[in-house]
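Report on the structure given below.
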2 protein chains.
Amino acid sequence: MRIPNHLGVIPDGNRRWAVRNGMTKEKGYDSGLDPGLRVFKLCEEVGIKELTFYGFTMDNTKRPRVQRLAFTKACVDAVKLLSKENAELLVIGNTESKMFPEELMPYTKERKRFGKGGIKVNFLVNYDWKWDVGNLINGNGNPKSPMEYIKSKDISRVDLIIRWGGRCRLSGFLPLQAVYSDFFIVEDLWPDFKEEHFHEALAWYDKQDITLGG
Amino acid sequence: MRIPNHLGVIPDGNRRWAVRNGMTKEKGYDSGLDPGLRVFKLCEEVGIKELTFYGFTMDNTKRPRVQRLAFTKACVDAVKLLSKENAELLVIGNTESKMFPEELMPYTKERKRFGKGGIKVNFLVNYDWKWDVGNLINGNGNPKSPMEYIKSKDISRVDLIIRWGGRCRLSGFLPLQAVYSDFFIVEDLWPDFKEEHFHEALAWYDKQDITLGG
């Protein structure tokens with residue numbers, strides 16, 4: 001079976017899940033922590049080398065304060081969980097804004113090893129696609145690739161993106177790394193994660209042809 | 001019903017269709033002309049204001065010469081067909097390469113009106129996403145939006161992308177205009193276009209929430 005090198009995860013549906021379960025919207029984020037750890041462990045098992053999680057965006061921070069505090073805390077807690085695993089973490093996002101959690105600053109300058117190292121984990125926190133590509137410069141004419149100039153240049157091309165929650169769109173997720181990505185959409189909401197979702201996505205990916213635009 | 005302002009069309013599957021119908025691959029492109037005109041007319045009917053077709057990319061031109069000549073001719077023929085309609089055409093692509101068809105040069109400098117004018121039609125011809133965003137400059141610090149600096153800056157945000165041929169990916173289609181686009185995938189190949197595909201896509205789009213990243 002052909003395994004993607006780099007998996008992108010868009011963990012959507014936390015708020016819808018909370019409402020469906022009789023809670024207020026901000027209560028949904030905490031239930032996204034365990035799915036995240038399980039996806040990480042599944043990636044370890046099958047040999048995926050790089051994993052990017054969509055944490056939250058600068059646009060998301062315009063939501064009600066109680067929601068913002070809840071999803072920010074969930075991101076900090078996710079890193080605490082990951083720190084007990086074998087992984088190499090890089091957090092990418094706009095650190096110059098107050099919305100960026102102080103606790104995650106140590107992971108923004110360079111990739112940080114946890115345990116014995118292993119999967120590269122990228123975590124988009126206070127990310128914004130315009131912020132990401134706004135750094136592109138033309139330099140002295142033609143740069144070899146625009147990818148050398150974006151803020152997320154340490155994140156490689158994404159092979160497969162799995163999005164939970166039924167929407168079929170990128171919502172600003174790494175637009176330049178995603179140009180050739182295959183998207184697999186899971187109808188279930190992220191807190192309703194099941195291991196089958198992951199395996200179904202990989203089985204589907206295995207059947208796609210890879211042309212990289214050729 | 002909520003109608004998208006801007007529809008993107010990825011007309012994939014011409015070569016697979018030709019092979020399935022006992023022809024050599026390059027014979028498939030000609031059968032994509034009529035579907036293109038029909039989509040245009042459907043857009044007129046429902047009131048879509050802007051329509052972008054993915055013609056061919058710089059990467060595509062590395063395919064065998066006989067295929068390249070066939071898809072290039074189909075693009076030129078498509079513009080001839082469109083010229084009999086009411087529309088406003090802009091062709092976007094790398095005109096500095098020999099692969100760009102001379103016949104389409106007149107449509108690359110500014111949007112050209114056909115008939116009484118009407119839908120803005122954008123046609124990506126010898127397009128390349130790296131070429132498109134490679135023009136981004138940081139200017140004097142922070143540009144208001146990277147969208148002002150890309151080569152396709154006259155093409156607006158895409159609301160809905162319909163892709164024929166079963167693949168669920170962008171394949172380099174306008175990465176910055178597509179950040180919030182909803183993708184609708186049609187399993188049938190482009191030459192097997194049916195009007196139901198279009199109507200199904202619009203009915204699906206009507207049910208999606210629009211958050212633009214919020």
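Chain A is the first sequence line, chain B the second, and so forth, proteins listed ahead of strands; every chain is numbered from 1.
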Within residues 201-214 of chain B or reaching into it, pairs that qualify as salt bridge (Lys or Arg N to Asp or Glu O under 4.0 Å) - sequence neighbours excluded: A:Arg167-B:Asp209, A:Arg169-B:Asp209
Residues which pass ring pair (Phe, Tyr, Trp, His ring centres under 6.0 Å) with B:Phe40, listed by chain and number, not counting sequence neighbours: none
Count the heavy atoms of every other residue, nucleotide or ligand shown that sit under 6.0 Å from [atom1] of [X], and state whether that count exceeds 12.
X	atom1	result
A:Lys41	NZ	no
B:Arg2	CZ	yes
A:Lys49	NZ	no

Gap separating the CH2 atom of A:Trp129 from the CG atom of B:Leu176, nearest 0.5 angstrom: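 Going from CH2 on A:Trp129 over to CG on B:Leu176, the span is 5.5 Å.
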Part of residues 4-31 of chain B lying next to chain A, heavy-atom separation under 4.5 Å: none
Residues of residues 51-62 of chain B with any heavy atom under 4.5 Å of a heavy atom in chain A: B:Thr57, B:Asp59, B:Asn60
Top contributor to chain B contacts, counting heavy-atom pairs under 4.5 Å, from A:Val179, A:Asp128, A:Leu212, A:Thr211: A:Val179
B:Ile185 versus chain A, the contacting section by heavy-atom distance below 4.5 Å: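 For B:Ile185, neither part sits under 4.5 Å from chain A.
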